[in-house]
Q: 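One structure, as structure tokens, below. Some questions next.
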Amino acid sequence: MEIYPDDYLRGLAFHEAGHAVVAWSLNLRVETIYIREIGAGSSGTKTAPPDHLPLIDQLATLAAGVEAEREFKSPLPEHAGDRDRLMAIILIRAHHEGLVSDKIQSHLAAGRALARELLVEHSERVIRVAEHLRDVRQVHAAEFIRLMTA
């Protein structure tokens with residue numbers, strides 16, 4: 001799947017805005033969101049640690065990037081969400097030692113469903129954050145809060 005540079009940046013912006021808005025909706029502080037050009041490294045969203053949240057909420061924050069790509073029709077290459085999926089599986093296994101694959105998949109599905117629900121509920125915010133992020137490439141905490149309350 002070939003993605004043009006503008007589409008790639010749009011996909012990154014929605015991916016990271018998805019993480020940030022879902023984290024915010026679960027009362028996590030969003031510290032920084034950033035995206036970079038193709039070949040310039042990765043993108044990221046830094047939040048306060050989610051350790052105090054229920055497992056499904058933590059899984060929703062991890063699934064929110066790929067779910068935002070889908071919800072807002074801004075797909076990235078399939079491998080873009082690999083790190084998030086791996087982190088989710090590790091998190092599930094840490095909470096439920098010896099869990100079989102079917103149960104892991106049901107936990108992942110529950111996290112994806114919650115992420116989708118929150119993305120739809122806050123769709124205007126996701127779009128606002130993604131469009132701003134695409135233009136400026138990096139958003140810090142105060143600016144993020146301004147975007148969320150605009």
Side-chain angles (χ1 to χ4, degrees), residues 8-99 103-150:
Y8 184 80
L9 286 174
R10 184 176 193 279
L12 283 178
F14 273 97
H15 183 103
E16 295 306 333
H19 284 305
V21 171
V22 167
W24 171 85
S25 71
L26 295 169
N27 297 313
L28 288 178
R29 175 180 160 79
V30 175
E31 298 170 6
T32 307
I33 316 164
Y34 64 92
I35 60 173
R36 296 196 173 107
E37 305 276 338
I38 295 176
S42 64
S43 60
T45 299
K46 185 174 191 264
T47 67
D51 305 349
H52 66 284
L53 295 177
L55 176 61
I56 297 304
D57 291 2
Q58 292 182 55
L59 295 173
T61 64
L62 290 167
V66 171
E67 292 306 315
E69 291 173 42
R70 290 182 181 134
E71 184 66 34
F72 298 97
K73 297 171 181 47
S74 302
L76 290 171
E78 186 66 30
H79 65 83
D82 286 353
R83 183 170 178 260
D84 295 331
R85 279 188 288 277
L86 178 60
M87 289 172 58
I89 291 167
I90 290 168
L91 183 62
I92 293 166
R93 287 187 172 153
H95 277 76
H96 300 287
E97 200 170 312
L99 203 61
K103 294 294 184 182
I104 290 172
Q105 293 306 316
S106 69
H107 277 78
L108 292 172
R112 287 191 306 269
L114 178 56
R116 275 191 307 277
E117 177 185 318
L118 294 170
L119 290 165
V120 168
E121 179 181 340
H122 300 288
S123 62
E124 290 179 15
R125 289 179 168 114
V126 177
I127 293 166
R128 188 167 43 244
V129 170
E131 288 176 349
H132 185 71
L133 184 59
R134 187 184 60 206
D135 292 341
V136 301
R137 304 288 198 274
Q138 186 165 344
V139 174
H140 293 286
E143 188 175 13
F144 176 75
I145 293 301
R146 184 186 60 75
L147 289 165
M148 296 305 289
T149 57

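Keep in mind that what you see is a predicted model, and the values were worked out from it rather than measured.
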Q: For residues Glu71 and Val126, determine if any side-chain heavy atom of one lies less than 4.5 Å from a side-chain heavy atom of the other.
A: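 When only atoms from C-beta onward are counted, Val126 and Glu71 do not touch, as no gap falls below 4.5 Å.
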Q: Could you tell me which non-hydrogen atom of Tyr8 sits nearest to which non-hydrogen atom of Arg36, and how far apart they are?
A: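 Heavy atoms only, the tightest pair is CE2-O, 4.3 Å.
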Q: To check you understand the geometry: which heavy-atom pair defines the closest contact between Ala141 and Arg29, and what is its length?
A: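 The pair with the smallest heavy-atom distance is CB-NH2, 3.4 Å.
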Q: What's the spacing between Gln58 CD and His52 NE2 if we round to 0.5 Å?
A: 8.5 Å
Q: Can you see which heavy atom on Val30 is nearest to which on Ala23, and at what distance?
A: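 The answer is CG2-CB, 4.3 Å.
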Q: For the pair Arg137 (side chain) and Arg134 (backbone), establish whether a donor and an acceptor sit closer than 3.5 Å, ignoring hydrogens and angles.
A: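 Confirmed, Arg137 side chain pairs with Arg134 backbone.
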Q: Determine the minimum heavy-atom distance between Gln138 and His140, stating which atoms define it.
A: NE2-CE1, 3.1 Å
Q: Among all residues two or more places apart in sequence or in another chain, which pass the ring-ring contact (aromatic ring centres under 6.0 Å, His included) test with Phe72?
A: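 Residues passing ring-ring contact (aromatic ring centres under 6.0 Å, His included) with Phe72: Phe14.
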Q: Which heavy atom of Ile92 sits nearest a heavy atom of Ile104, and at what distance?
A: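 In this case the closest contact between Ile92 and Ile104 is CD1-O, 3.8 Å.
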Q: With side-chain contact (heavy atoms from CB on, under 4.5 Å) as the test, pick out the partner of Val139 among Val129, Thr45, Leu147, Ile145.
A: Leu147
Q: Work out which heavy atom in Ala68 is nearest to a heavy atom in Gly18; give both atom names and the distance.
A: CB-CA, 3.7 Å
Q: Can you give each donor-acceptor pair under 3.5 Å made by side-chain atoms of residues 112-122, sequence neighbours left out, with the distance rounded to 0.1 Å?
A:
unit_1 : atom_1 : unit_2 : atom_2 : d
Arg116 : NH1    : Glu67  : OE1    : 3.0
His122 : ND1    : Arg125 : NH1    : 3.1

Q: About how many Å separate CG of Leu62 and CG of Leu108, when rounded to the nearest 0.5 Å?
A: 9.5 Å
Q: With Leu53 as reference, evaluate Asn27, Leu28, Leu59 under the side-chain contact (heavy atoms from CB on, under 4.5 Å) test and give the passing residue.
A: Leu28
Q: Enter the distance from Leu91:CG to His107:NE2 here, rounded to the nearest 0.5 Å.
A: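 Reported to 0.5 Å precision, the distance equals 9.5 Å.
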Q: Using modelled atom types only, decide if a donor and an acceptor are shared between the side chain of Glu69 and the backbone of His15 within a distance under 3.5 Å.
A: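 Looks like no, no N/O pair under 3.5 Å.
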Q: Just verifying a value: how many Å separate Arg128 CZ and Thr149 OG1, rounded to the nearest 0.5 Å?
A: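 Going from CZ on Arg128 over to OG1 on Thr149, the span is 8.0 Å.
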Q: Return the OG1 to CE distance between Thr61 and Met87, rounded to the nearest 0.5 Å.
A: 8.0 Å
Q: Taking atom CG of Leu76 and atom CG of Leu9, what is their separation to the nearest 0.5 Å?
A: 9.5 Å
Q: A quick test of your reading: do over 12 heavy atoms of other residues, nucleotides or ligands sit less than 6.0 Å from CZ of Arg93?
A: no
